[in-house]
**Q** 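Structure incoming, see below.
For clarity, every value in this text was computed on a predicted model and none was experimentally measured.
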Amino acid sequence: MRLPARASAAALSAATALTLATACNMLPDEAPDATAPYAGLTAPEVTNKALAATRAAKSVRMTVRTTTPEGPMEAYVATDIRGECTVTLSMGAAGTMELVRTGGTVRTRSDAAMLRSASPPQAKNLTGRWVKPATADRHAKLAERYCDRETFFGGLAPKTGTARKKWTSTASGARALTVTGRTDDGKWTADIATEGRPFLLKLRLTPSHPQGAPERDTARTAPVTVEFSEFDKPFKATRPKP
């Protein structure tokens, strides 16, 4: 099975293109809270604090999930503020790739299925070996894109505008603030921590699927979920031996 670069890149670009408001008037549930931890802050102000805190974290883990025409895709990412990074990209039957970026050097290791799906197909004797990826290796390009936090946050801060919020609970039972809104082509939801620093816990984008859109365009409208965890935890990317 082949992983279409345009499909996954489109899903990633969709996450990057989120805008956090379209309305012009403040709604009742967008009024500033009177209690901690966000006393006196509107939903857009809280969202900006979450973006700033998450971008500034010394390190963070991210789990990205979406769907391509070939099936589900998951990326497990660990990265620090210097750009050091590790990624495990799983494409189900299309295979799995590991990527390590350290000191400006990128190395990848793929299983047999991922090598078979590469374009052009890689030699069998590369299975399980750490190698410098070829310039045309679309799997490596996709995996490395997930190393950059700005991919997810860069376009958000200048477009916050207004947003709606409500209090919720996370899967672990912790209290969280959920901010919701719409984009030009769908809707988004963000969970923000209410204990400690205001880190972004989860970002979900659900693009709309225009009626009559070709099936091949499904990847462009597949939901994207990004979960953030282990902020500021010690992390070190070690350059693998060939």
**Q** Any side-chain heavy atom of Val64 sitting closer than 4.5 Å to one from Tyr146?
**A**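 Yes, at least one pair of side-chain atoms sits under 4.5 Å.
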
**Q** What are the two closest heavy atoms between Ala143 and Val87, and how far apart are they?
**A**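 Minimum heavy-atom contact is O-CG2, 3.5 Å.
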
**Q** Measure across Arg55 and Arg149 and return the closest heavy-atom pair with its distance rounded to 0.1 Å.
**A**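 Looks like O-NH1, 3.0 Å.
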
**Q** So, Glu144 side chain and Lys141 main chain: donor-acceptor pair closer than 3.5 Å or not?
**A**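 Looks like no, no N/O pair under 3.5 Å.
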
**Q** Passes side-chain contact (heavy atoms from CB on, under 4.5 Å), Thr194 versus Ile192? Steps please.
**A** CA-CA 7 Å; Thr194 59; Ile192 300 172; over 6 Å; no

**Q** Are Leu89 and Leu99 packed together at the side-chain level, in the sense that at least one heavy-atom pair is separated by less than 4.5 angstrom?
**A**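 Leu89 does not reach Leu99 side chain to side chain.
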
**Q** Going from OG1 on Thr96 to CG on Asp111, what distance comes out if it is rounded to the nearest 0.5 angstrom?
**A**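 Answer rounded to 0.5 Å: 5.0 Å.
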
**Q** What do the steps show when you test Val100 against Glu98 for side-chain contact (heavy atoms from CB on, under 4.5 Å), and what is the final call?
**A** CA-CA 7 Å; Val100 174; Glu98 297 172 82; over 6 Å; no

**Q** Flag yes if Val77 and Val106 sit in one hydrophobic cluster, no otherwise; membership is Ile, Leu, Val, Met, Phe, Trp, Tyr, and two members link when side-chain heavy atoms are under 4.5 Å apart.
**A**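 Result: yes, single cluster for both.
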
**Q** Under the 3.5 angstrom rule, does the side chain of Asp80 hit a backbone N or O of Gly83 as a donor-acceptor pair?
**A**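 The answer is yes, because a donor-acceptor pair under 3.5 Å joins these two groups.
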
**Q** Quick one: do the Tyr76 and Glu74 side chains pair a donor with an acceptor below 3.5 Å?
**A**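 Side-chain D/A pair, Tyr76 to Glu74: present.
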
**Q** Side-chain contact test, heavy atoms from C-beta onward, threshold under 4.5 Å: evaluate it for Arg204 versus Asp191 and give yes or no.
**A**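 SC-SC contact between Arg204 and Asp191 confirmed.
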
**Q** State, to 0.1 Å, how close Phe235 and Ser59 come at their nearest heavy-atom pair, and which atoms those are.
**A**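 Closest heavy-atom pair between Phe235 and Ser59: CB-CB, 4.2 Å.
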
**Q** Got a salt bridge between Glu84 and Arg101, using NZ or NE/NH1/NH2 to carboxylate O under 4.0 Å?
**A**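 No, no charged N to carboxylate O under 4.0 Å.
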
**Q** Side chains of Phe228 and Leu203, heavy atoms from C-beta outward: is any pair under 4.5 Å?
**A**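 Contact flag for Phe228/Leu203 side chains = yes.
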
**Q** Under a 4.5 Å cut-off applied to non-hydrogen side-chain atoms, are Glu45 and Asn48 in contact?
**A**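 Contact flag for Glu45/Asn48 side chains = no.
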
**Q** Supply the atom-to-atom distance Ser110 OG to Asp137 CG, rounded to the nearest 0.5 angstrom.
**A**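 Spacing of OG (Ser110) from CG (Asp137) equals 6.5 Å.
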
**Q** Give the minimum heavy-atom separation between Thr79 and Cys147, together with the two atoms involved.
**A**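 In this case the closest contact between Thr79 and Cys147 is OG1-O, 3.3 Å.
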
**Q** Which heavy-atom pair separates Thr66 from Pro223 by the least distance, and what is that distance?
**A**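 Heavy atoms of Thr66 and Pro223 come nearest at OG1-O, 3.0 Å.
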
**Q** Nearest 0.5 Å, please: how far is CG in Leu41 from NZ in Lys49?
**A**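 Here the interatomic distance stands at 6.0 Å.
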
**Q** A side-chain contact here means heavy atoms from C-beta on lying under 4.5 Å apart; do Met97 and Arg109 qualify?
**A**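 SC-SC contact between Met97 and Arg109 ruled out.
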
**Q** Measuring from Leu200:CG to Met62:CE, what's the distance to the nearest 0.5 Å?
**A**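 Output value for this atom pair is 11.0 Å.
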
**Q** With the side chain counted from C-beta on, respond yes when Arg129 and Leu126 share a heavy-atom pair under 4.5 Å apart, and no when they do not.
**A**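 They are in side-chain contact.
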
**Q** Out of curiosity, Thr225 OG1 to Lys202 NZ, how far, rounded to the nearest 0.5 Å?
**A**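 It comes to 6.5 Å.
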
**Q** Could you tell me which non-hydrogen atom of Thr102 sits nearest to which non-hydrogen atom of Thr238, and how far apart they are?
**A**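 Shortest heavy-atom separation between Thr102 and Thr238 comes out as CG2-C, 4.3 Å.
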
**Q** I want to check something: taking the side chain as every heavy atom from C-beta on, are Met73 and Arg65 in contact at a cut-off of under 4.5 Å?
**A**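 In short, these two side chains do not touch, never coming nearer than 4.5 Å.
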
**Q** Would you mind listing every salt bridge (charged side-chain N to carboxylate O under 4.0 Å, His left out) that reaches into residues 232-242, with sequence neighbours excluded?
**A**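 Qualifying pairs: Arg197-Asp232.
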
